[in-house]
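Values below: every heavy atom of this structure, side chains too, minus hydrogens, waters and symmetry copies. Start at 1 with the first residue, then count along the sequence.
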Amino acid sequence: QVQLVESGGGLVQAGGSLRLSCAASGRPFGGYVMGWFRQAPGNEREFVAAISWSGGSTISADSVKGRFTISRDNAKNTVYLQMNSLKPEDTAVYYCAADRPPYGWTKPRDYDYWGQGTQVTVSS
């Protein structure tokens, strides 16, 4: 089992920045692809970004490319999502997730462990 706890959410004005953190505990952290997803009220959970176990490969949704950056520190068992140039449409609950092999990367159903989520609200 892997336990994931997100932090760093909050209220920010459009154009502002936030950095989300996801602390992992339990099984060794290094073998997992880590992803960030988000879900706004009435919407399905959508992929935001993911990072390989080594940190050498990342992918992100087109809607956040150039604005959001995912990174990880395996020594600290933590994955981050740096969010810049935030827009009101980024408002959602953001979830951290861990994906065991075989890796699915972008599909929520492929992820095995989930955090409780952290609210991000961007005001216009």
Side-chain angles (χ1 to χ4, degrees):
Q1 282 283 58
V2 173
Q3 291 79 43
L4 303 172
V5 179
E6 303 96 335
S7 61
L11 174 64
V12 63
Q13 288 189 331
S17 298
L18 284 174
R19 188 175 82 153
L20 305 184
S21 298
C22 172
S25 61
R27 296 174 68 89
F29 181 64
Y32 294 88
V33 163
M34 298 299 296
W36 286 96
F37 293 79
R38 66 186 182 186
Q39 188 167 18
N43 290 356
E44 294 186 350
R45 193 166 296 188
E46 66 172 356
F47 170 75
V48 175
I51 187 167
S52 65
W53 69 268
S54 69
S57 296
T58 64
I59 56 174
S60 58
D62 289 343
S63 59
V64 306
K65 279 180 181 174
R67 301 188 299 122
F68 292 10
T69 303
I70 188 171
S71 62
R72 68 191 292 166
D73 185 340
N74 287 344
K76 296 182 178 180
N77 286 355
T78 302
V79 63
Y80 306 96
L81 185 68
Q82 178 66 44
M83 305 187 295
N84 299 328
S85 303
L86 282 160
K87 305 175 181 180
E89 51 263 43
D90 294 319
T91 295
V93 177
Y94 282 71
Y95 297 90
C96 171
D99 182 14
R100 297 177 300 183
Y103 303 124
W105 284 91
T106 64
K107 295 179 175 59
R109 66 173 182 265
D110 291 327
Y111 281 73
D112 303 285
Y113 304 105
W114 291 85
Q116 294 299 307
T118 185
Q119 176 70 47
V120 171
T121 303
V122 184
S123 63
S124 56

**Q** With salt bridge (Lys or Arg N to Asp or Glu O under 4.0 Å) as the rule and sequence neighbours excluded, what pairs involving residues 53-62 come up?
**A** Asp62-Lys65
**Q** To the nearest 0.5 Å, what is the distance between CD on Glu6 and OH on Tyr95?
**A** 8.5 Å
**Q** Taking all non-hydrogen atoms of both residues, which atom of Ala23 and which atom of Thr78 are closest, and how far apart?
**A** CA-OG1, 4.2 Å
**Q** Could you pull out the closest heavy-atom pair between Val48 and Val64, with the gap in Å?
**A** O-CG2, 3.6 Å
**Q** Are there more than 12 heavy atoms of other residues, nucleotides or ligands under 6.0 Å from atom CD of Gln119?
**A** yes
**Q** Can you sort out the partners of Asp110 under salt bridge (charged side-chain N to carboxylate O under 4.0 Å, His left out), two or more places apart, ordered by chain and number?
**A** none
**Q** With Thr58, which residues qualify under side chain to side chain donor-acceptor pair (under 3.5 Å), at least two apart?
**A** none
**Q** Once rounded to the nearest 0.5 Å, what's the spacing between atom OG of Ser60 and atom CD1 of Ile51?
**A** 11.0 Å
**Q** Considering only residues two or more places apart or on different chains, which pairs with a residue in residues 87-96 satisfy salt bridge (Lys or Arg N to Asp or Glu O under 4.0 Å)?
**A** Arg38-Asp90, Arg67-Asp90
**Q** Determine the minimum heavy-atom distance between Ala98 and Met34, stating which atoms define it.
**A** CB-SD, 3.6 Å
**Q** Is the backbone N or O of Val122 less than 3.5 Å from a side-chain atom of Thr91, with the two atoms forming a donor-acceptor pair by type?
**A** yes
**Q** Enumerate donor-acceptor pairs with a distance under 3.5 Å from any side-chain N or O in residues 11-20 to protein atoms, sequence neighbours excluded.
**A**
from	atom 1	to	atom 2	distance (Å)
Ser17	OG	Asn84	OD1	2.9

**Q** In sequence, state the C-alpha distance, the side-chain angles, and the governing distance for Phe68 and Trp36, and then conclude on side chain to side chain contact (heavy atoms under 4.5 Å, CB included).
**A** CA-CA 11 Å; Phe68 292 10; Trp36 286 96; over 6 Å; no
**Q** Under the side chain to side chain contact (heavy atoms under 4.5 Å, CB included) rule, collect the residues that match up with Glu44, sequence neighbours excluded.
**A** none
**Q** How would you list all residue pairs meeting disulfide bond (SG atoms under 2.5 Å apart) that involve residues 93-124, not counting sequence neighbours?
**A** Cys22-Cys96
**Q** Considering residues at least two apart in sequence or located in another chain, which fulfil the ring-ring contact (aromatic ring centres under 6.0 Å, His included) criterion with Phe37?
**A** Phe47, Tyr111, Trp114
**Q** To check you understand the geometry: which heavy-atom pair defines the closest contact between Ala49 and Leu81, and what is its length?
**A** CB-CD1, 4.3 Å
**Q** Determine whether a donor-acceptor pair (N or O, by modelled atom type, separation under 3.5 Å) exists between the side chain of Arg72 and the backbone of Ser52.
**A** yes
**Q** Mind checking whether Tyr80 and Thr69 have side chains closer than 4.5 Å, heavy atoms only?
**A** no
**Q** Once you round to the nearest 0.5 Å, how far does OH of Tyr32 lie from CG of Asn74?
**A** 12.5 Å
**Q** Could you note down all residue pairs passing side chain to side chain donor-acceptor pair (under 3.5 Å) where residues 96-109 supplies at least one of them, sequence neighbours left out?
**A** Arg100-Asp112
